[in-house]
> 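I'd like to ask some things about the structure below.
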Amino acid sequence: MTQQADLFKKLVAHSKEYGFIFQSSEIYDGLAAVYDYGPYGVELKNNIKDYWWAAMVQMHDNIVGLDSAIFMHPKTWKASGHVDAFNDPLVDNKDSKKRFRADVLIEEEIDKILGKADKEVEKAKKKFGDSFDEALYRTTNPRVLEYTQKAQVVTDRLTAAMSNGDMVAMKTIIEDLDITDPDTGSRNWTDVRQFNLMFNTQLGNIAGEEGKLYLRPETAQGIFVNFLNVQKSTRQKIPFGIAQIGKAFRNEIVARQFIFRMREFEQMEMQFFIRPGEEMKWYDYWKQTRMNWHRKIGTPESKLRFKDHDNLAHYANAAVDIQYEFPFGFKELEGIHSRTNFDLTSHQDLSGKKLQYFDPELNENYVPYVLETSVGVDRMFLAMMSESLQEETVPDADGNDSTRVVMKLHPALAPIKVAVLPLLKNREELVKAGTDVFNKLKFSFQCQYDEKDAIGRRYRRQDAIGTPFCVTIDFETLENNTVTIRERDSLKQERVHIDKIEEIVRQRVDMKTLLL
RNA sequence: GCGGAAGUAGCUCAGCUGGUAGAGCAUCAGCCUUCCAAGCUGAGGGUCGCGGGUUCGAAUCUCGUCUUCCGCUCCA
C-alpha cells in the first residue's frame, strides 16, 4: 500500500513536472478538484478521445456523433430526475463523525413513532381477541391517536421543510424529536445543509427561478432530446447509436484522488437505441465490446474487471462498471447501463412531444429502449498514466546502473510520436540535416526537435513523456541519408533510410492497429 | 463535512531550542562532446501557501484560512 501510495505521488508529481496536468488557478492557491491539462496532457487526452471516437463512430455505420450544448432547458433536468434526485439535505453528527441524510433520519423517526402505535394495537388485539375492531381502536384509543397524530404532524413538517428547502426547519425537527445517532446515541448535530450536485447559473439578466440554468451533470440528456433530430436527419434504423464527447459538471461533496473525481470532467458517452425487450442482448454485446476496447490499448486483463451495481439508479434495469486497478484500488472507469425507456418517456411526457420510432419490421410505434456506455475521459487518462509510468534500471554510458523514468504509453496515444535529434548541435551540417527531417515529418506526426544537451539526456527526456521513437542524425546521415531510429521500450536502434522513417513510425502509431 | 498528515526554487527536500533562506537535480547562455541522465564557466529563479497575532525580530511559536494526500462519509 505504501508502495502504491508512493507510485501515486510520483504520478502526480510527474504529471506536473512534465506538463501533463496542472492544478487550476494554481497562483491563487488552486481551486479544489479542478485541473488543467498541460501541453502533453492535452495531446494524450485528445488521442484517447480520438481512439474512442474512431472505435465507436467511425467503425460502426449505425453510430453517429453529436455535440450538444452544455446549457439545456431547465425542464430537461426535471425530466431526467436530476432536480429531485441530485438534491440531498445532509447532516453530520459531530461526535460519531458520521453523515446522514436529514430527511431519512426524520423518516426513520416517524416509522419509530408509528411502530409504537402498532405495538399498542397489537397489545389490544391480544387482550380483546376476536371481538377486536382494529379500525375503531385506531381512531379512538387516545394513546394510539397521540402517536399517529404526532407522526402526521412530523410528516407534514418534513414535507413543508423539504418543499421549501428550509434547512433550518429540518434541524429544528431533528432537535424537537431528540433524534440520536443510530450507532452512538449522540444528539450533537451540525446544521442541516443542502447539497445540490448540479451547478446552476442565470440565463441573461433574469433573476430567480425563471432564468435558472444548470450546467449539465451528464452529457446523455443532450442525446436524448435530439433523438428524433438525429434519427430523421441521418435516416437511422433501430438499432442505432449516438455518440458524444463533452464536459459535464457535478458539485461533488468530496472530490478527491487527483483527477479521478473532479467537479468539471469530460465524458465519452454513447446511447444505443434498441427495441424493447432486446436490452439484455445488447447489454451483453456492449459489455464485451467495451471491455475489448480497453484491452486493445494495452491495459492488462488482470487490472480490468466488471463490477455489477448493487443499487440500480432510478433509470436503469441493469448496470455494470468496468473497473481499472488504479494505484488506490479498483475504481470505475466506464459504466454500461441499460436505461430502459425511462429518459425518452420522461421527456415525452414533460415536453408533450412524441419521442417514438416507427419500426417497419414490426409495423408499430414505440419508445425505444436505451443501452448506454459512458467512459470518464479523465479517468481513462489517469488509468493510462498509471499504467504506463515506470521506473527502470538501464546501463549508462559507463555500463553502470542508472534509473530511467519512462512512460510506456501505447504509441497511438503518445503525445509526441517522433523526436528528431542531431547528434551534436555545434556541427552545422548535422543541425541542417536534422531540421530538414523534422520539417518533413511534422506534416505527418506530432514531432519534437531537440539539440540541447547530450544525446543520452535527450533520449531520457523523450522517455519521460512517452515518445515512442527518437530519430538521431549522425555523421553517417550526411554520407548516405540514413538515420538511427531508437525505440522507446526496447532501447534498440535501427539504421534506416530517411525516406523510411515515416512508414516505420506510422506502422506503430496508427490508430488502425487498435481498431482491427 | 469530520479526523490525521503536509505545504520552503520548476522537482525532491534541508533549515536544531525565533536572528531576515540553502543543497541536489532541473532551467538558460557559452565552451566542450561521434549514441542512452558526461564535463567546465557563468546566469536566472523563493513576498518560506495566504492572512492575522505574539515578539526588537517569525520559514521557525500561535490562531484562522486555502490547497493537497490518507481515513471516514457520500457517490447516477
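Predicted model only: the values in this text are computed from it and were never measured. We name chains A, B, ... by the order of the sequence lines, and we start the count at 1 in each one.
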> I'd like the P distance from A6(B) over to U17(B), given in whole Å.
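14 Å, rounded to whole Å.
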
> For this output row, return yes or no: ring centroids of Y214(A) and F199(A) closer than 6.0 angstrom.
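Between Y214(A) and F199(A), the centre distance exceeds or equals 6.0 Å.
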
> For S374(A), answer base if it contacts any base atom (sugar-phosphate contacts may also be present), sugar-phosphate if it contacts only those atoms, and nothing otherwise; contact means non-hydrogen atoms under 4.0 Å.
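Counting heavy atoms under 4.0 Å across all strands, no contact is made by S374(A).
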
> So does K16(A) get a side-chain nitrogen or oxygen closer than 4.0 Å to the phosphate oxygens (OP1/OP2) of C11(B)?
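Yes, because at least one side-chain N or O of K16(A) sits under 4.0 Å from OP1 or OP2 of C11(B).
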
> For R458(A) and U27(B), give me the distance from atom CZ to atom P, rounded to whole Å.
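Nearest whole value for this atom pair: 12 Å.
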
> Taking the side chain of V405(A) as its heavy atoms from C-beta onward, which of A76(B), U68(B), A37(B) lies nearest to it?
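That would be A37(B).
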
> Taking the P atom of each, how far is A59(B) from G18(B), in whole Å?
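A59(B) and G18(B) have their P atoms separated by 13 Å.
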
> U73(B) and A37(B): how far apart are their P atoms, nearest whole angstrom?
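The same atom, P, in both gives a distance of 48 Å.
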
> Quick one: closest heavy-atom pair of A419(A) and T467(A), and the distance?
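Smallest interatomic distance, heavy atoms only, reads N-CG2, 3.9 Å.
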
> Figure out the CG/P separation between N317(A) and A76(B), and round it to whole Å.
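It works out to 16 Å between those atoms.
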
> Could you please name the option among U27(B), C11(B), C75(B) that lies closest to any side-chain atom of R261(A)?
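Shortest atom-to-atom distance from the side chain points to C75(B).
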
> Under the criterion salt bridge (Lys or Arg N to Asp or Glu O under 4.0 Å), which of E266(A), E269(A), E264(A) is the partner of K247(A)?
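Only match with K247(A) under salt bridge (Lys or Arg N to Asp or Glu O under 4.0 Å): E264(A).
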
> Tell me which of K492(A) and K452(A) sits closer to the 5' end of RNA chain B, going by the nucleotide each one is nearest to.
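Final value for this comparison: K452(A).
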
> E391(A) has an atom CD; how far is it from atom P of U12(B), in whole Å?
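Between P of U12(B) and CD of E391(A): 13 Å.
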
> Grab the CZ-P distance between F258(A) and C70(B) for me, whole Å please.
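F258(A) atom CZ is separated from C70(B) atom P by 11 Å.
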
> Paired with G7(B): which nucleotide, if any, by Watson-Crick or G-U wobble criteria at under 3.5 Å for both distances?
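The answer is C66(B), by the H-bond criterion.
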
> Any donor-acceptor pair under 3.5 Å joining the side chain of H337(A) to the base of A76(B)?
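In this structure, the two groups form no donor-acceptor pair.
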
> Pairing check on G22(B): which nucleotide meets the Watson-Crick or G-U wobble criteria with it, both distances under 3.5 Å?
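Pairing partner, where one exists within any strand: C13(B).
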
> With a cut-off of under 6.0 Å to the ring centre and 45° to the axis, is K307(A) in cation-pi contact with F330(A)?
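Judged by the rule (NZ or CZ under 6.0 Å from the ring centre, within 45° of its axis), K307(A) is not positioned above F330(A).
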
> For U41(B), give its Watson-Crick or G-U wobble partner with both distances under 3.5 Å, or none.
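With both distances under 3.5 Å, U41(B) matches A29(B).
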
> Taking atom P of U68(B) as reference, at what distance in whole Å does atom CZ of F22(A) sit?
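Rounding to the nearest Å, CZ of F22(A) and P of U68(B) are 17 Å apart.
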
> What's the closest nucleotide to the L491(A) side chain, out of C35(B), C36(B), U34(B)?
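Closest nucleotide among those given: C36(B).
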
> Under 3.5 Å for both donor-acceptor distances, Watson-Crick or wobble: does G46(B) have a partner, and if so which one?
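Because no pair has both required distances under 3.5 Å, G46(B) counts as unpaired.
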
> Within the pair Q493(A) and C36(B), is there a side-chain N or O less than 4.0 Å away from OP1 or OP2?
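It does not, given that no N or O in the side chain of Q493(A) lies less than 4.0 Å from OP1 or OP2 of C36(B).
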
> Could you tell me how far C50(B) sits from U67(B) if I compare only their C1' atoms? Round to whole Å.
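Taking atom C1' in both U67(B) and C50(B), they lie 10 Å apart.
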
> Measure from the side-chain heavy atoms of K425(A) and tell me the nearest of U34(B), C69(B), G30(B).
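Looking only at heavy atoms from C-beta outward on K425(A), the closest nucleotide is G30(B).
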
> Side-chain N or O of R457(A) less than 4.0 angstrom from OP1 or OP2 on A37(B)?
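R457(A) to A37(B) OP1/OP2: no side-chain N or O under 4.0 Å.
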
> With both distances under 3.5 angstrom, what nucleotide forms a Watson-Crick or G-U wobble pair with C2(B)?
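Its partner is G71(B) (Watson-Crick or G-U wobble, both distances under 3.5 Å).
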
> Could you tell me the separation between the CD atom of E269(A) and the P atom of A76(B), rounded to a whole number of Å?
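Those two atoms, CD and P, are 15 Å apart.
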
> Would you measure the distance from the P atom in C66(B) across to the matching atom in A21(B) and give it in whole Å?
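Pairwise P distance, C66(B) against A21(B), rounds to 30 Å.
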
> Determine the Euclidean distance between corresponding P atoms of C69(B) and C32(B); express it in Å to zero decimal places.
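Per the computed distance, 48 Å lies between those P atoms.
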
> Of all the heavy-atom pairs spanning T482(A) and E476(A), show the shortest one and how long it is.
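Shortest heavy-atom contact: OG1-OE2, 4.1 Å.
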
> For the C1' atoms, the ones on C61(B) and on G19(B), what distance do you get once it is rounded to whole angstrom?
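The answer is 15 Å between these two C1' atoms.
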
> For D474(A) and for E17(A), find the nucleotide of RNA chain B with the closest heavy atom, then tell me which residue's nucleotide is more 5'.
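Looking at the nearest nucleotide for each, E17(A) comes out on the 5' side.
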
> Assess whether one donor atom and one acceptor atom, taken from the side chain of R486(A) and the base of C36(B), lie less than 3.5 Å apart.
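Answer yes: a donor N or O sits under 3.5 Å from an acceptor.
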
> Rounding to an integer number of angstrom, what distance separates C70(B) and C35(B) when you compare their P atoms?
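Pairwise P distance, C70(B) against C35(B), rounds to 44 Å.
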
> Side chain of A32(A): nearest nucleotide among C36(B), C75(B), U67(B)?
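Between C36(B), C75(B), U67(B), the one nearest the side chain of A32(A) would be U67(B).
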
> Between W286(A) and F272(A), how do the two ring planes meet: parallel, tilted or perpendicular, split at 30° and 60°?
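Perpendicular, since the angle between the ring planes exceeds 60°.
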
> Test Y449(A) against every option in L421(A), V431(A), V418(A), V471(A) by the side-chain contact (heavy atoms from CB on, under 4.5 Å) rule and name the one that passes.
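Looking at L421(A), V431(A), V418(A), V471(A), the match for Y449(A) under the side-chain contact (heavy atoms from CB on, under 4.5 Å) is V431(A).
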
> Please name the nucleotide paired to U34(B) by Watson-Crick or G-U wobble geometry with both distances under 3.5 Å, or report none.
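Partner of U34(B): none found under 3.5 Å.
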
> What is the distance from CZ of R404(A) to C1' of C35(B), rounded to the nearest Å?
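It works out to 14 Å between those atoms.
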
> Would you tell me if any nitrogen or oxygen in the side chain of R461(A) comes within less than 4.0 Å of OP1 or OP2 on U27(B)?
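R461(A) to U27(B) OP1/OP2: side-chain N or O found under 4.0 Å.
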
> Would you mind reading off the distance between F328(A) atom CZ and C69(B) atom P, rounded to a whole angstrom?
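After rounding, the gap between these two atoms is 10 Å.
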
> Within 45° of the axis and under 6.0 Å from the centre of the six-membered ring of Y37(A), does NZ or CZ of K45(A) qualify?
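Yes; both conditions hold, so K45(A) lies above the ring face of Y37(A).
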
> Look at all strands and tell whether N426(A) reaches a base, only sugar-phosphate, or nothing, counting heavy atoms closer than 4.0 Å.
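Base, at least one base atom sits under 4.0 Å.
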
